[in-house]
Undergrad: 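Once you've had a glance at the structure underneath, I'll fire off some questions.
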Amino acid sequence: MLLKSRFFVAALLALGLNQTATAQVYTATDPLAHTYSIVARDPATGDMAVAVQSHWFSVGTAVSWGEAGVGVVATQSFTNKSFGTRGLALLKSGKTAQQALDELLATDEGRDVRQVAILDAKGNVATHTGKKCVDMAGHVKGSQFSVQANMMLNDKVWPAMAQAYEKNAKLPFAERVLSALEAAEAAGGDIRGGSRRPCWWYAAKPRPRPGTTGSSTCGWRTMPPRCPSWPACCALPAPTST
């Protein structure tokens, strides 16, 4: 019988982060973020998001990365956390999402067990699923979004995420991103099982007002109800613990 443990969800709309990470290769100490995620850009507003849900506790500290006006990154499977900071730095230097991804993978000895998606501020997307990622694993890349998953119960999870995101184009961006996570869980989700637990949202506009970061932070003990906007989601009570 599969043991249930905490199920963590993190969503990140692009914002400036000042976190540091060191380069990694595949080792037994790498974070095991076997999970599903989505990176996306709202063509109407330029807002960008990365959302992730996993059986692995505190997955948001390793998988989700972003910077306002630059891009977002999801790095998972045997997670190389340096892909977050280095990927954003490459985007900021003028690289496209694909150019940034190619450069990261070229110097990574653990590329075959990595899964990573990068989206730049122009909506370009690049995605990689290593050939040795734990089955079931795969990704779907669409117009200004990508969904990716590994160690899933079946191979229907990431197609279901893509379908949900595409068919809900008329929903507010926050709800549209959330619909992809809901579809993943409904399709089977993580092979290890689990349930919805903490949820964190980080939001930012692509062009923040002078003197501001253009970002806001909020979170919940459980998956939040549907919200018409990010401010409405953030108005909900925050969790007292994770």
Side-chain angles (χ1 to χ4, degrees), residues 8 10 12 14-41 48-67 70-142 144-152 155 157-158 161 190-192:
F8 185 91
L12 174 67
L15 74 164
L17 294 176
N18 293 316
Q19 300 181 17
T20 60
T22 58
Q24 297 182 17
V25 295
Y26 167 44
T27 70
T29 59
D30 282 353
L32 308 179
H34 301 305
T35 190
Y36 50 84
S37 68
I38 176 173
V39 296
R41 178 181 182 272
M48 292 175 288
V50 50
V52 56
Q53 181 165 310
S54 179
H55 187 90
W56 183 64
F57 181 68
S58 196
V59 70
T61 62
V63 174
S64 310
W65 304 84
E67 185 170 343
V70 177
V72 291
V73 179
T75 172
Q76 57 196 53
S77 187
F78 288 89
T79 305
N80 188 328
K81 292 177 69 174
S82 78
F83 280 6
T85 52
R86 290 165 57 210
L88 293 174
L90 288 167
L91 294 181
K92 188 179 290 188
S93 74
K95 303 283 187 181
T96 65
Q98 189 63 58
Q99 290 170 336
L101 179 60
D102 290 344
E103 188 165 332
L104 292 174
L105 294 176
T107 57
D108 182 25
E109 296 179 16
R111 65 183 69 87
D112 286 347
V113 294
R114 310 294 191 200
Q115 190 169 52
V116 57
I118 301 177
L119 181 144
D120 63 37
K122 294 182 179 179
N124 300 308
V125 185
T127 312
H128 165 79
T129 299
K131 62 184 179 181
K132 293 183 180 179
C133 286
V134 180
D135 285 335
M136 296 290 185
H139 64 263
V140 174
K141 185 167 65 173
Q144 302 194 50
F145 82 93
S146 174
V147 294
Q148 42 283 326
N150 66 93
M151 206 181 209
M152 296 294 103
D155 61 1
V157 173
W158 54 97
M161 295 177 72
D190 195 308
I191 196 171
R192 297 163 294 181

Undergrad: Sequence neighbours excluded, which residues qualify as salt bridge (charged side-chain N to carboxylate O under 4.0 Å, His left out) partners of Lys132?
TA: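 Once residues adjacent in sequence are excluded, Lys132 has no partner under the salt bridge (charged side-chain N to carboxylate O under 4.0 Å, His left out) criterion.
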Undergrad: For the pair Gln148 and Ser37, evaluate side chain to side chain contact (heavy atoms under 4.5 Å, CB included) and give the outcome as yes or no after the intermediate values.
TA: CA-CA 6 Å; Gln148 42 283 326; Ser37 68; 2.9 Å; yes
Undergrad: Of all heavy-atom pairs between Val134 and Ala137, which one has the smallest distance, and what is that distance?
TA: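 Heavy atoms only, the tightest pair is O-CB, 3.4 Å.
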Undergrad: Atom CD in Glu103, atom CG in Leu90: separation rounded to 0.5 Å?
TA: 4.5 Å
Undergrad: Looking at side-chain heavy atoms only, is the closest gap between Leu105 and Phe83 below 4.5 Å?
TA: yes
Undergrad: Measure across Val72 and Ala49 and return the closest heavy-atom pair with its distance rounded to 0.1 Å.
TA: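 So the two residues come closest at CG2-O, 3.7 Å.
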Undergrad: Any sub-3.5 Å donor-acceptor pair from Arg111's side-chain atoms to Ala106's backbone N or O?
TA: yes
Undergrad: For Ser82 and Asn80, work out which heavy atoms get closest and say how close.
TA: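 Minimum heavy-atom separation between Ser82 and Asn80: OG-OD1, 2.6 Å.
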Undergrad: Does Asp120 use its side chain to pair, donor to acceptor, with the backbone of Ala97 at less than 3.5 Å?
TA: yes
Undergrad: Does a side-chain heavy-atom distance below 4.5 Å link Val73 with Val50?
TA: no
Undergrad: Between Asp108 and Arg114, what is the shortest heavy-atom contact and its length?
TA: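 Closest approach of Asp108 to Arg114: OD2-NE, 2.8 Å.
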Undergrad: Is a donor on one side and an acceptor on the other found under 3.5 Å between the side chain of Arg41 and the backbone of Ala121?
TA: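 Between the backbone of Ala121 and the side chain of Arg41 there is a qualifying donor-acceptor contact (under 3.5 Å).
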Undergrad: Between Lys81 and Trp65, is a side chain to side chain contact (heavy atoms under 4.5 Å, CB included) present by the stated rule, with each step listed?
TA: CA-CA 9 Å; Lys81 292 177 69 174; Trp65 304 84; 4.2 Å; yes
Undergrad: For Val157 and Ala149, work out which heavy atoms get closest and say how close.
TA: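 Taking Val157 first and Ala149 second, the nearest heavy atoms are CG1-CB, 4.4 Å.
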Undergrad: Give the minimum heavy-atom separation between Ala100 and Leu91, together with the two atoms involved.
TA: CB-CD2, 4.1 Å
Undergrad: Asp102: which residues meet the side chain to side chain donor-acceptor pair (under 3.5 Å) condition with it, sequence neighbours left out?
TA: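 Applying side chain to side chain donor-acceptor pair (under 3.5 Å) to Asp102 gives Gln98.
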Undergrad: Do Asn150 and Thr129 come within less than 4.5 Å of each other through their side chains, counting heavy atoms only?
TA: no
Undergrad: Measuring from atom CE of Met152 to atom CH2 of Trp158, what distance do you get when rounded to the nearest 0.5 angstrom?
TA: 8.0 Å
Undergrad: Atom NZ of residue position Lys92 - does it have more than 12 heavy atoms of other residues, nucleotides or ligands inside 6.0 Å?
TA: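 Not buried by this count: 12 neighbours or fewer within 6.0 Å.
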Undergrad: Find out whether Leu104 and Ile118 are in side-chain contact, i.e. whether some heavy atom of one side chain is under 4.5 Å from a heavy atom of the other.
TA: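 Yes - at least one pair of side-chain heavy atoms lies under 4.5 Å apart.
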Undergrad: With sequence neighbours left out, what residues match Thr127 under side chain to side chain donor-acceptor pair (under 3.5 Å)?
TA: Ser146
Undergrad: Mark yes or no for whether Thr35, through its side chain, and Gln53, through its backbone, hold a donor-acceptor pair below 3.5 Å.
TA: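 Pair found, side chain donor or acceptor close to backbone of Gln53.
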Undergrad: To the closest 0.5 Å, what do you measure between NE2 (His139) and NE2 (His128)?
TA: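 The distance works out to 9.0 Å.
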Undergrad: To the nearest 0.5 Å, how far apart are SG in Cys133 and CE in Met151?
TA: 11.5 Å
Undergrad: Scan side-chain atoms only and decide if Thr107 and Arg86 contain a donor-acceptor pair under the 3.5 Å cut-off.
TA: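 Their side chains do contain a donor-acceptor pair, which is all the 3.5 Å distance test asks for.
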